[in-house]
Amino acid sequence: MRQLNIIAILLMIGIGTQVTAQNKINVNGIAQVNEIPKEIIVSIDLSIKDSLYQVCFDNSLQALEQLKSHFKSNGINPKNIYTKNLVVNENYEWQKNKKVKVGYSSTINLELKEIYTQKYSKALLNSLNQENLDLNYRISFGFTDEQKTKLRKDALQLAIKDATEKAEIIAQASGLKLSGIANITYGTSPSVNPRTDIVYEKQLMNSSSNRNSAGVNLNPKEQMIQKTVYIEWNFTE
């Protein structure tokens, strides 16, 4: 009868809790914390094409300096723009059902991170609104290092609390007594379907084909960090 009572309790609590034949209760503690991210992240792809390799390369560097100058004129420090890589590839086109080399194509990948403010976002959009450069950009939001540290700590504490409360409910309702923790695993339970430890979703806006920034809403929305702990409790009857 006691085994049936335990099964009924597990169904009420949900997946992530098990009672083993070795007088142990296995519990998954899961917690999610939400907060508005403070960091705005911009990824930029700057492209140049030319029939000659050296001209393509040189024009890429000139376009980069032009872009940085435009950022500076809008009050954004160009030193905060990091060049991740520069790639020059052969450029081909299909002509009369044949792949024909027409020159070279270069792409410079840039990244810019800063604390979000409405003033900064306006300057950013103005800097990216350029008709004479072939650039694609993606704007997203993320947690700062300080936010990550705090949110991870809060989520982990709540996950442990969640696991403890589940174990206490099972023990009390089943007439059992918890006698201590046998094992703690940080992450996911080996006996339960794995769940993502950190849910880190960014808002993403691809504006490669829209140069008009009027009406664009860059207000960040809440994001979530999730933590999971697996606790194995000893119990006595």
* So, Lys101 and Glu90, do they make that salt bridge, N to O below 4.0 Å? -> yes

* Asked: Would Arg138 and Asp45 pass as an ion pair if we require N to O under 4.0 Å?
  -> yes

Would you confirm whether [X], through its side chain, and [Y], through its main-chain N or O, come within 3.5 Å as a donor-acceptor pair?
X      : Y      : answer
Lys166 : Asn28  : yes
Asp162 : Leu158 : no
Thr149 : Asp145 : yes

* **With sequence neighbours excluded, residues passing salt bridge (charged side-chain N to carboxylate O under 4.0 Å, His left out) with Asp58** => none

Under 4.5 Å between side-chain heavy atoms, counting indirect links through other Ile/Leu/Val/Met/Phe/Trp/Tyr residues: same cluster for [X] and [Y] or not?
X      : Y      : result
Leu176 : Ile181 : yes
Leu61  : Tyr104 : yes
Ile25  : Ile184 : yes

Just so I know, are the side chains of [X] and [Y] near enough to count as touching, which here means a heavy-atom distance under 4.5 Å?
X      : Y      : answer
Lys99  : Trp94  : yes
Ser105 : Asn89  : no
Ile36  : Phe141 : no
Glu93  : Val100 : no
Tyr120 : Ile76  : yes
Asp50  : Phe57  : no
Leu67  : Ile108 : no
Phe71  : Leu128 : yes

Within 6.0 Å of [atom1] in [X], more than 12 heavy atoms from elsewhere:
X      : atom1 : answer
Lys122 : NZ    : no
Gln95  : CD    : yes
Gln172 : CD    : no

* Asked: Yes or no on side chain to side chain contact (heavy atoms under 4.5 Å, CB included) for Tyr137 and Leu110, after CA distance, side-chain angles and deciding distance?
  -> CA-CA 9 Å; Tyr137 63 87; Leu110 308 167; over 6 Å; no

* Asked: Which of these, Ile41, Leu124, Ile44, sits in a side chain to side chain contact (heavy atoms under 4.5 Å, CB included) with Ile139?
  -> Leu124

* To do: Indicate whether the side chain of Asn183 and that of Tyr230 have a donor and an acceptor atom separated by less than 3.5 Å.
  => no

* For Ala163 against Ile231, the heavy-atom pair lying closest together -> CB-CD1, 3.7 Å

